[in-house]
There are 2 protein chains.
Amino acid sequence: MKYGQGWEPKPVDWSSTRGRILLAASVLFAQRGYFGTSTRDIAEAVQIRQPSLFHHFQAKHEIFRALVELDLGPSIDRMNQRFEEQSSWAEKLHLSIAYDVREILVQPFDARGLYQDAVLALEHFESERQGIALFHDQVERVIEAGRQSGEFVALDPSFVQRAINGVLFETLREQGGPAGPMRHERPLQAADFVVRSLLVDQSRLAAIRAATGTRLHQLEPAAST
Amino acid sequence: MKYGQGWEPKPVDWSSTRGRILLAASVLFAQRGYFGTSTRDIAEAVQIRQPSLFHHFQAKHEIFRALVELDLGPSIDRMNQRFEEQSSWAEKLHLSIAYDVREILVQPFDARGLYQDAVLALEHFESERQGIALFHDQVERVIEAGRQSGEFVALDPSFVQRAINGVLFETLREQGGPAGPMRHERPLQAADFVVRSLLVDQSRLAAIRAATGTRLHQLEPAAST
DNA sequence: GTCTATACGGGGATAGAC
DNA sequence: GTCTATCCCCGTATAGAC
């Protein structure tokens, strides 16, 4: 299993040819989808000839895979960090959502084209499907634990996990990818929206929000490097 | 403008060849995406030869367009009905969400492949994009009105509209299309999740939920015909 | 309304020179 | 590491017989 246990993708030099291929491909995947993007399109965007792509990646699907790793790996890693912290489940969940939203809005590549069922269903992406499932499990575990501790109302964890997913993804769609204008309030709004719906005692939200704000400030975005 | 003003798509005889093409195509679009589905695939699923498709639809994108109309048209129409009713904004929103979730889970075709930005960006789908924008406007109007009346907390209507979208869509993904096992509690759960997060006075939720339950029972699913 | 035959463009990927 | 040339498959769509 590739994902989990502190695994992180190697950092990418975004100015290298390989990095520029990844950036351009992510934008095209987001705009036209994986199947709607040809290797010729990608090559043209990077200003190289189409066969030169295959020097950097063995196949088209390896470009896609690299992008999923870059997005998903750190996300799983962050969630593992939340588990190790001493904080309430509501705080963990709130910080996770806000952090994920900020990272996805700030990172240099466009993640909108990456989590399409139709693409991930391809045979090549078995380990990516596993990674996604792992991430979903992590989220569900927080929801479930929060419910058992009495912090959250009783709601199907799998439903909540999917709702969070939907909120996260739509926030990215709204921004129109990393190129779009950053809505700086979105990370906290998204986290508030979900946690407000889950909390038994809603008067705690203000304090939780404040804690997340402080932590987010400390944890500088890694992606801007 | 095709959508709006009481417009509704013509009913489909799902046992006709045309209907079977629509059903099969919707499933394939959901599983492999629009670009990942060939007209050969569709024809094979319907047990006819590939060129015979073109007797029923002028082009591949006309099949897709017909499916979007079948899903989106009734949805817009239902929202218009909510506007004409005498009820609070919270009730309108709650009923809309629950109703939409139920319909999307119950209708015979699979809507999961229909709202992909990469596909809708194609030139052919201008009127579909307009229809989707119209629906989003309707939702935002309810959010905005509810906030002004003091029923809802202050949250960016466009953010909330997207969150609702995400929840709706993820609920469908969870079920795995119309073929999957229906979670009968999902319509009310989804509506609860959103409205709970929006309501200023959360003690109203139980009453709102009860009202939606009654109305939903009266409004039999149209799609099962 | 469905078929066979076929046109024609575009797709991913490889070979091999520089 | 990038190029040109090229292979070969698969895609949508049309023509025209039955």
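FYI, side chains are in, hydrogens and waters are out, and symmetry mates aren't considered; it's all heavy atoms of this structure. Note that this is a predicted model, so its numbers are computed, not measured. Just so we're on the same page: letters track the sequence lines, and every chain starts at 1.
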Determine whether a donor-acceptor pair (one donor, one acceptor, N or O, separation below 3.5 Å) exists between the side chain of A:R40 and the base of C:dG12. yes
Scan B:S52 against the nucleic acid and name what it touches under 4.0 Å (heavy atoms): base, sugar-phosphate only, or nothing. base
Given atom CD of A:E44 and atom P of C:dG12, what is their separation to the nearest angstrom? 13 Å
Indicate the ring-plane relationship of A:F125 and A:F64, choosing parallel, tilted or perpendicular according to the 30° and 60° boundaries. tilted
Looking only at C:dT2, D:dT4, C:dA13, the nucleotide nearest the A:F54 side chain is C:dA13
If you take all heavy atoms of A:K10 and A:L70, which pair is closest and at what distance? O-CD2, 4.1 Å
Pairing of B:D117 and A:R173 as salt bridge, 4.0 angstrom limit: yes
Using a cut-off of strictly less than 4.0 Å, decide whether A:T17 has a side-chain nitrogen or oxygen near OP1 or OP2 of D:dT2. yes
Which listed nucleotide (C:dA13, D:dA13, D:dC3) is nearest to the side chain of A:K60? C:dA13
Are a donor atom and an acceptor atom from the side chains of B:E126 and B:Q130 found within less than 3.5 Å of each other? yes
Rounded distance (Å) that lies between atom C1' of D:dG1 and atom NE2 of A:H56: 6 Å
Just the rounded figure in Å: distance from P of C:dG12 to CD of A:Q50. 7 Å
Roughly how many Å is it from CZ in A:F57 to P in D:dT2, rounded to a whole number? 12 Å
Rounded to whole Å, please give me the gap between CD1 in A:I21 and P in C:dG12. 14 Å
Comparing A:P51 and B:H61 on DNA chain D - which has the more 5′ nearest nucleotide: A:P51
Phosphate oxygens OP1/OP2 of C:dG10: is one of them under 4.0 Å from a side-chain N or O of A:S38? no
Could you check how far CG of A:L53 sits from P of C:dG11, rounded to whole Å? 13 Å
Quick one: is C:dG1 close enough that its OP1 or OP2 comes under 4.0 Å of any side-chain N or O from B:H55? yes
Atom CZ of A:R49 and atom C1' of C:dG11: how far apart are they, to the nearest Å? 18 Å
Just checking A:T37: base, sugar-phosphate only, or nothing, at a heavy-atom cut-off of under 4.0 Å? sugar-phosphate
Taking atom types as modelled, is there a side-chain donor on A:E69 or A:Y3 under 3.5 Å from an acceptor on the other? no
Would you kindly give the CD-to-P distance between B:Q47 and C:dT2, to the nearest whole Å? 12 Å
